Every structure is written in C-alpha cells, then in structure tokens.
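Shown next, in structure tokens, is the structure this report addresses.
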Amino acid sequence: MEKVRGTLIPAFILFLAGLLYLMMFVMCVIPAIQPDYFQGLVYLIPYTIYLFFAVLASKKRINKFITILVSLAFSLIAWIVMPLQMLDMVASNDATITDINLYDRVLEVVDYPDNKLVELFPDEIAKSHQVESFSYDPRSLMEGETLLLDFKASESDLQEYEETFDDAAIWRGVYQETDRIEDNYNGGIRWSKFSGILNADMRVYFFECQPTDDTWSYAKISMAAIDRKNLEILLYMEDY
C-alpha cells in the first residue's frame, strides 16, 4: 500500500500533463495550415523527463522528498510555461496565408466541401486560371476566419460559374455605390463592408448572409462576384 501511495502524486500529475500535451497538439499543431510537428514534439521533452522520475518513484529508486520536488517543478513547467508556448504557437498560426500553393491545405482546414460557406469554391485551381488574389485568415481565439479567391478564367468557365452561382444564390444583383440596399432577409446588405474587394462592374451573388448585429461586426457570409468585362471570378467567405 505504501508503494502505491508513493506513486499517486507523480501518476496524477503525469496524467494531467499528458492531457495538456494532447490538448496543445490537437488545438495548435494539427489544425495549422503549415503544421510544425517538430515544435509540437519538443513539448514532449519535459513530459518524458517527468515520466522517467515517475518510473523511478514507482520503483522506490528515489525518496518521497525528491518526488514531490520534481512534481512541483514539473507542474510549474507544465501549467505555466507550456500554455505560454501554446499561445505563442497559436499567434504564429494566425498569420494571413497568401501562398496559392497552400490552397488545398486551406480547403482541408475549412472543412471543404462539407462547410456550406465554401462549397462553391473550386476544389482545385485549374492551370488555365490566373489567380489575381488569394488570402486566408485562420480562425483565432478572438476572431473568425475569412477566405478570398479571385481569379481570371476562360469564357466557357465563366459561363459555367455564372449558371452555378445563379442557381445557388439567395440574392443576386450589381454592386451598389450606396451604403446599404434593403432586402427581405436580415436587414439587407451592408455594401461598405465589401468596398475593398468589389467594384461597380461586378455582378454579385450571395449564397449565405447572416449578420448577427446591425453593424455586421459578426456574420456568416458566402458570396461570389463576376466581372464579365475582365473574365474575373471572385469568391469570398467569412465566418466571424
């Protein structure tokens, strides 16, 4: 019984540390656009060291005082240093992605094609398409995620996209100079929100448009726009 008691403290802390490590790996490493698995494995070092001491304690190779001392030291590392490192990793994962070569990985992260907000995005960038702009802002602790893809296509591809967008849209029309156009759902469209990505030559399609307040500070948006004059197609998603 005494031998079992001597292992309770290190075993309990080892269990909590393991949960913390798994939580860090699942929340910070796996969802990243460019996962740094090596950095994630670095967090195993203090965990492995403590595992070594826990095994020694279970075999009575070290006394109770050293076991408690190591337990307290590891607790300090596990519950203070590691969370700070986790926050640093989260911050590094929040950087805007603009490399079109990561488009496939971005689609995986946003749960394409099951996510209705992105289901009309192309599953791949065709070689004939000229990408004008691409950006992805990952979801963070304080903000949502946005995805923008702007490319030029052939006349036939543009026609196909037009037909698809027209069938799926809950609202369609031209970009407005005025701040707002009223409609039959959720107070209308706040055009000023899209002034940086739309122009007057574009025909706009909304597939999802659910602002949660009048200022559009938070919203679920799925939209597209086509500029026939320049054979340009733009798709935009926001989940804030």
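Computed from a predicted model, the values in this text were never measured in an experiment.
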Is it the case that over 12 heavy atoms from other parts of the model lie below 6.0 angstrom from the CD atom of Gln159? yes
Distance col, row Met202:CE vs Ile226:CD1, nearest 0.5 angstrom, shows 9.5 Å
Quick check for you: to the nearest 0.5 Å, what is the distance between Leu148 atom CG and Thr98 atom OG1? 11.5 Å
Residue set satisfying ring-ring contact (aromatic ring centres under 6.0 Å, His included) with Phe134, at least two apart, ordered chain then number -> Tyr103
I need the minimum non-hydrogen distance between Thr146 and Tyr136, along with the two atoms involved. O-CD1, 3.2 Å
Is the shortest side-chain heavy-atom distance between Glu162 and Arg203 below 4.5 Å? no
Leu117 side, atom CG; Glu238 side, atom CD - distance, nearest 0.5 Å: 10.0 Å
With a 4.5 Å heavy-atom cut-off, do Pro122 and Leu235 have their side chains touching? yes
Can you find a heavy atom in the side chain of Arg228 that is under 4.5 Å from one in the side chain of Glu155? yes
Return the CG to CD distance between Asn199 and Glu232, rounded to the nearest 0.5 Å. 6.5 Å
Geometric class of the Phe165/Tyr161 ring pair [parallel <30°, tilted 30-60°, perpendicular >60°]: tilted
So OG of Ser135 and CG of Leu147: to nearest 0.5 Å the spacing works out to 7.0 Å
Of Asp114, Leu120, Asn115, the residue whose pairing with Val118 passes side chain to side chain contact (heavy atoms under 4.5 Å, CB included): Asn115
Lys116/Glu119 salt bridge by N-O under 4.0 Å criterion: no
Point-to-point distance, once rounded to the nearest 0.5 Å, from CZ of Phe207 to OH of Tyr236: 14.5 Å
To check you understand the geometry: which heavy-atom pair defines the closest contact between Asp227 and Leu158, and what is its length? O-CD1, 4.3 Å
Within the 4.5 Å heavy-atom criterion, are Val109 and Pro138 side-chain neighbours or not? no
Side chains of Glu145 and Met237: does their closest heavy-atom pair fall under 4.5 Å? yes
Just by modelled atom types, is the Glu132 backbone N or O under 3.5 Å from a matching donor or acceptor in the Asp150 side chain? no
Quick check: do Leu149 and Ile100 have side-chain heavy atoms less than 4.5 Å from each other? yes
Pairs touching residues 104-133 that satisfy ring pair (Phe, Tyr, Trp, His ring centres under 6.0 Å), sequence neighbours left out: His129-Phe151
